[in-house]
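All values below come from the heavy atoms of this structure, side chains included, with hydrogens, waters and symmetry mates left out. Since the model is a prediction, treat every value here as computed from it, not as a measurement.
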Amino acid sequence: MSDFESMGSLAPPSVPYLSQLNDRQREAVLHTEGPLIVLAGAGSGKTKMLTSRIAHLIDALKVSAYQVLAVTFTNKAAAEMRERVDKNLLALGSGHLGQPEIGTFHSVCVRLLRRELAFTPFTQPFTIYDDSDQLSLIKGAMSVLQIDDKNFNPKAIQGAINRAKCDALEPAAASATATDVFSRQVARVYEQYQKALFANQALDFGEIICMTYRLLRDHPEIREKYQRRFRYIHVDEYQDTNRAQYLLLSILASRESGGHQNICVVGDEDQSIYKWRGADIKNILDFEREYPGCHVVKLEQNYRSTKTILAAAGSVIRNNQARKDKTLWTENADGQKIVRAQLADERAEAEMVVAEIKRHLGESHRAYSDFAIFYRTNAQSRQFEDVLRREKIPYQVVGGLRFYDRKEIKDILCYLKCIVNPSDSVSLKRILNVPGRGIGKTTLEKLDQYYVESNRIGSVSFWEVLQRAAQDSKLTSAGTAKKISSFVELMKKLMMNQPKLLLSELYHEILDEIGYVRVLREEATEESLARIENLEEFDTILQEFEEDHLETLTDSQKLEKKPELLSLFIEQSTLSSDVDQLEASASSVKLMTLHSSKGLEFPVVFLVGMEDGLFPSVRNWGEPTDEDIEEERRLCYVGMTRAREVLYLSGAVIRRIWGDVSYQEPSRFFSEIPEEHLEMRDFSYGNRVQEYRVGSSRQFGFSKPPTDSGEWVGRQMVHPEYGRGTVVGSEGSGTDQKVTIHFTRGSERKFLLRYVASYFA
């Protein structure tokens, strides 16, 4: 009898969650002991497999739900996983057996850190900083160190710090490996920033993972506690994990100590598209070497796309070298050929896409939500938005400003954060004069300078600075001290009342005390009225959150739960993503970057802007490496496999770049698709090629084009990522001109001139 047949005897296929699986899915469900890697191709039912596996552990094998962990990357994916597990267990009459730990990496780690707060640097509940909060604190750290932000871009330093955290590098390690001026300055800022972060009783996104890893690494009793607790570990989208997440999982799975190693990772290296934010494809490619003897299952049956779409996407991705051997297949219909369209310009491309949407709406009775437009960069959305608005077609741009990032919502969230954690200097500085209470910019600068000077001597929170300023008029003035005192007393009152109030009650008390809505009403502009509507929606969100967390509790339990609701809500709002909010506007055409499309699917997909230089993108890397192109090819594969029935691939003959116009070569990915899968259509939506002066000198920032490419040699520039540099070589001309730049940090890179012209003095 084979291992698979032996495992199958544990639970007959007649069990509901097993009878709905194919053979390979069932194999993955039943292999419960030891390391397991499931190579799950696009649309192959990995979520069904994962949730069935968790149900099997709890129902058939009687594993305590408390010992089961499942982590993924978005709240939406985690919610879907929880819902499916609950449904499986209820169908089996096992719903009473408890809830496994299911969530995103960040939410699971936050819960662990809150439970083990005594082992962290914090003396009170911590705050989670988003990217803008983090950048503010980095600028403050640079100010303390007297580093000029004109010489070192704060965003570039932020990116470097985040990359260090993705690799689980602490400040000391970053300093030890620094080899040039920029990296040494990054190490200095990183150390100061980390001190300020902890002094503010706060964590950034990267630190959530890193601190959890260090806690388990450095405290054997905590490590052993969670190794015993999480005896069965499941990881979704394993190809998207970074080094820090890999190390965290290795500790939990007892890889080093030879423990249970019951870790099931599910992923697809062909969909690894987040290298730019730290994802390391080697984690999935090397899993079999890291866990010798691990069981391998390939999910190759696709349930989403037509045979034609699948065959075309497979032809593209097979050109990559860094991948496992697998071939997707489907029992779905052949479907229609993929439409390839080449338009005159980006406006004509937008006209074509919207006209085709209207045609499908009329002929096929589709809904607006059946359509998605994918592009390589956010800047491409404008043309499509213009035409969609003109045609009165509802649309939603995924990846636009998050609801929680809108000014009025962020203001209120900062009040809520300060009530929980008054050490949060970033939030305090934001709300000190919001709404206006006569504490101006000059006063804030004085207080901030005092705060900076105090922290050069010793650790003082900005909250302590405010309390001192409220009592000592010498720090500002008598009148200003009185205003600061009123603010301090208001915050103390809100902190005192918070444990006794529901979230919605606390929210209304804040609005009443500070007069936020009154100020907006007095403004009486369209924008201010829209902000009031957003504040009303925020009230609804708070009430729904309360209902979700309180409706099954007794009155006495509700009283006990009230104090912690605020921290839970702040955590949820900070960790939410654009994709989590996608359902907010279901009846609309979706516009998004290819990176945002991951994990989604639509009946009709338009993949636009398929031109070399735009997609695959050259960005600022000049001449892309093979590794760069493979990442872009995976992105193309992801975009193509989001389509269920109809797929359009389009590009423009000419396109405006940095305000000028150049001829565009079709994407090299077109040549990787067999002709039998393509239908070349001639769409005549305007032909304005003659209106443009292609390759005008303005593209390079000069009144006239250089007569000799050598004129560039010796010129100075400041690149936002690489810093100061000098042109040491130049070749080609016009739109193809390339320059080689030597940077003071030691690197030397080649760029297409048109992409870096704006960085020259």
Is it true that [X] and [Y] have a side-chain N and a carboxylate O under 4.0 angstrom from each other?
X: R644; Y: E601; answer: yes
X: E101; Y: R82; answer: no
X: E645; Y: K307; answer: no
X: R277; Y: D240; answer: no
X: E611; Y: R655; answer: yes
X: R340; Y: E679; answer: no
X: K165; Y: E170; answer: no
X: K76; Y: E80; answer: no
X: R633; Y: E630; answer: no

Checking [X] side chain against [Y] main chain: does a donor-acceptor pair fall under 3.5 Å?
X: R634; Y: Q271; result: no
X: Q25; Y: N22; result: yes
X: S305; Y: A643; result: yes
X: Y213; Y: Y246; result: no
X: E349; Y: G609; result: yes
X: Q245; Y: N242; result: yes
X: H234; Y: L69; result: yes
X: N302; Y: T330; result: no
X: H106; Y: F205; result: yes
X: Q227; Y: I251; result: yes

May I ask you to decide if the ring planes of F287 and Y238 are parallel, tilted or perpendicular, using 30° and 60° as cut-offs?
perpendicular
F374 and F602 aromatic ring geometry - parallel, tilted or perpendicular at 30°/60° bounds:
perpendicular
For D286, all residues meeting salt bridge (Lys or Arg N to Asp or Glu O under 4.0 Å), sequence neighbours excluded:
R289
With ring centroids as reference points, do F105 and F73 lie under 6.0 angstrom apart?
yes
Tell me if the centroids of the rings in F615 and Y375 come within less than 6.0 Å of each other.
no
Atom [atom1] in [X], atom [atom2] in [Y]: separation rounded to 0.5 Å?
X: K275; Y: E632; atom1: NZ; atom2: CD; answer: 10.5 Å
X: H677; Y: Q336; atom1: NE2; atom2: CD; answer: 14.5 Å
X: T377; Y: H595; atom1: OG1; atom2: NE2; answer: 11.5 Å
X: E631; Y: D626; atom1: CD; atom2: CG; answer: 13.5 Å

Taking salt bridge (charged side-chain N to carboxylate O under 4.0 Å, His left out) as the cut-off, I'd like each qualifying pair that reaches into residues 321-331, sequence neighbours left out, listed once.
D268-K326, E269-K326, D270-R323, D270-K326, E288-K324
Can you run down the salt bridge (charged side-chain N to carboxylate O under 4.0 Å, His left out) pairs that involve residues 33-48, sequence neighbours left out, and say none if there aren't any?
K46-D236, K46-E237
Could you verify whether a donor N or O on one side chain and an acceptor N or O on the other, from [X] and [Y], lie under 3.5 Å apart?
X: S44; Y: Q301; answer: no
X: T241; Y: N283; answer: yes
X: N162; Y: Q134; answer: yes
X: Y274; Y: D280; answer: no

Salt bridge (charged side-chain N to carboxylate O under 4.0 Å, His left out), that's the test. Do D167 and R243 meet it? Break it down for me.
CA-CA 5 Å; D167 292 334; R243 176 69 179 172; over 6 Å; no
Counting only heavy atoms not in E627, do more than 12 fall under 6.0 Å of its CD?
no
